[in-house]
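Counting convention: from 1, in listed order, for ligands and their atoms alike.
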Amino acid sequence: MAAKQAKPLPGTTDRRIDALLTLLAENATIVISGAKIAKEIGVSRQQVFRWIEKLRALGVRVKGHPRTGYHIERVPDILAPQLLIHRLRGTAFAKRIHHFFKTDSTNTIAMHLGEAGEPHGAIVLAEDQTAGRGRAGRTWHTEKSAGICCSVLVRPPIPPAHAPLLTIVAGLAVRDAVAEELTATPDIRWPNDLLVRGRKFGGILTEMHAEPDRLHYAVIGIGINVNQQRLPAEIQDIATSLRIESGKPHSRLEIVVRLLRHLDRYYNLYLADGYAPILRRFAEVSSYFRGKRVRITTARESFTGVTAGLEASGVLRVTRDDGHGTEAILSGDVTEA
Ligand code: BTN
């Protein structure tokens, strides 16, 4: 059923800024007069000037000024809906893209959208988050327009107990999306950490609204450190960004497009063929799938053991060193032991 066009959410990026970006991007290297831009997007020339200043503050290299006209040197790396939509055609994610220059948490927004009846496939993107959330109540640090903050609303016909597999599906998509950007091969540490050379560059926070036997909707929140050149001191030893790893800037726009295309593919594979192909792929690309010595820390205890594959629901199995057999880990922290 086609969804009604929703009213823009409070705080969402003005569609005319989106149009301004698209106009500049489609005419990159050509000088366009402020008056022409103002006419095309339906605002005053002063407003165009204010928005250009705003884009410059975000790192978009707009040359020129109101009298000479404006141009950009290359397509700006802002995750603007109009720049994304045509690249996502054919996926579930091309219809509803909500973009914010700043918001508290894209997951919070997407959960509200889920409650309000927003359809499957809606995307929330932010250039910056003021209260980004990580797993286990942790904070997810973001730097303006340097990383990817993306939440995807899904309405899968699966029991809530199988929701951990959504995190696995998203992890595979992130892994494949960044693999071409790096020379080192990315790894996935169950359940939600994306690593390169042992340090974390991305994470996934899946939240849901469910009854015991029915999942109403889930939000898959994906955070990727892309162009940060430094990370806060307290996480420098355990975290990294693609730029820190490769020594060069990466296009967030390209990565988001690839990420959502891979997510669409893995999600459809999961719904069509079940957990088996997903777990097979996870086994291929995650060094944590089987035979890894790990320390597991849950709310109840901390113990060491060896990983022994995943269950159909996406839960990790670990054979304990203390002789108490193999246990299914529903949630907890996993570190290499
Ligand atoms: C983790 O590794 O602990 C999960 C981090 C998830 C961060 C992303 S950023 C986009 C989305 N919005 C949030 O507030 N969190 C997720």
Can you report which non-hydrogen protein atom sits closest to [atom], along with the distance?
atom: atom 1 (C) of ligand 1; answer: N192 ND2, 3.4 Å
atom: atom 10 (C) of ligand 1; answer: T106 OG1, 3.2 Å
atom: atom 3 (O) of ligand 1; answer: R135 N, 2.7 Å

Closest contact, heavy atoms only, [X] versus [Y]:
X: A239; Y: R199; result: O-NH1, 3.4 Å
X: P186; Y: A179; result: CG-CA, 3.9 Å
X: L83; Y: A25; result: CD2-CB, 3.8 Å
X: R155; Y: L153; result: NH2-CD2, 4.3 Å

Practice task
Evaluate the ring planes of F282 and F289, with Trp represented by its six-membered ring, and classify them as parallel (under 30°), tilted (30 to 60°) or perpendicular (over 60°).
Solution key: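 Taking F289 first and then F282, their aromatic rings stand perpendicular (interplane angle over 60°).
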At less than 4.0 angstrom from any non-hydrogen atom of [X], what atoms of ligand 1 do you find?
X: G132; value: 14 (O)
X: K200; value: 1 (C), 2 (O), 3 (O)
X: R133; value: 5 (C), 6 (C), 7 (C), 13 (C), 14 (O), 15 (N), 16 (C)
X: G134; value: 1 (C), 3 (O), 4 (C), 5 (C)

Practice task
Identify the residue among V169, I224, L194 that makes a side-chain contact (heavy atoms from CB on, under 4.5 Å) with I204.
Solution key: L194
Practice task
Mark the output for R138 as yes if a heavy-atom distance to ligand 1 is under 4.0 Å, and as no if none is.
Solution key: no
Completion exercise
Contact region, I222 to ligand 1, non-hydrogen atoms below 4.0 Å, reads backbone
Exercise for the section: For ligand 1, indicate whether the residue A136 contacts it via side chain, backbone, both or neither (heavy-atom separation under 4.0 Å). Expected result: neither
Handout entry: Enclosure of H65 NE2 (heavy-atom neighbours >12, cutoff 6.0 Å)
Key = yes
Handout entry: Side chain to side chain, V315 and R317, heavy atoms closer than 4.5 Å
Key =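 No, every pair of side-chain atoms sits at 4.5 Å or beyond.
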Problem - Contact check: W140 vs ligand 1, nitrogen or oxygen atoms, below 3.5 angstrom - result: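 No - when backbone and side-chain N and O of W140 are compared with those of ligand 1, no distance drops under 3.5 Å.
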